[in-house]
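Okay, structure first, notes after.
Quick caveat: nothing in here was measured; it's all calculated off a predicted structure. Counting starts at 1 for both ligands and their atoms, in listed order.
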Amino acid sequence: MNLDHIDHIGIAVRSIADCLPFYEGVLGLECYNVEEVEDQKVRTAFLKIGQTKIELLEPTSPESSVAKFIEKKGEGIHHIAYLVDDVQACLDEAKEKGVRLIDQAPRKGAEGLNIAFLHPKSSCSVLTELCMVPKECENSDKE
Ligand code: ZN
């Protein structure tokens with residue numbers, strides 16, 4: 001697989017508002033984007049550090065997988081996301097190597113990225129996300 005860098009670390013929280021005083025007030029990071037990802041029933045807040053981001057994930061419904069995660073394990077690190085150049089190619093390679101996939105094909109995630117998850121059963125219990133900037137957006141300037 002062709003991994004570029006860690007794009008972000010996803011952290012499951014009960015309340016983004018309760019966590020921002022630590023990340024902004026203590027660590028001095030800046031929350032530059034909050035958005036709701038309906039598909040995953042979460043609200044996400046992004047803070048940037050270098051080329052890596054911290055993604056705070058707050059469930060918006062008890063059915064959210066993040067809500068279930070918090071219920072089972074409490075708040076904490078939920079997933080690690082690697083930036084790749086081709087999510088589908090990585091999924092195909094992972095599958096070929098016997099890795100259990102959560103997503104067979106990339107889907108839309110926060111920040112307009114195409115994302116897919118590998119199953120934690122195949123990745124030493126760490127939910128692993130692969131993400132990429134969609135090709136059609138690559139050349140457009142970020143707002
Ligand atoms: Zn993520």
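- Formation of a donor-acceptor pair under 3.5 Å by the Ser122 side chain with backbone atoms of Val99 is not found in this model.
- Minimum heavy-atom separation, His78 to Leu57: ND1-CD1, 3.7 Å.
- For Glu55, the N, O or S atom closest to the Zn ion (ligand 1) goes by the atom name OE1.
- Checked by atom type and distance alone, the side chain of Ser125 never pairs as donor or acceptor with a backbone atom of Lys121 at under 3.5 Å.
- With a cut-off of 2.8 Å, the Zn ion (ligand 1) has an N, O or S atom of His8 in range.
- In plain terms, the two heavy atoms of Gly76 and Phe69 that are nearest each other are O-CE2, 4.1 Å.
- Taking the N/O/S atoms of Glu129 in turn, the shortest distance to the Zn ion (ligand 1) belongs to OE1.
- No other N/O/S atom of His79 lies as close to the Zn ion (ligand 1) as NE2 does.
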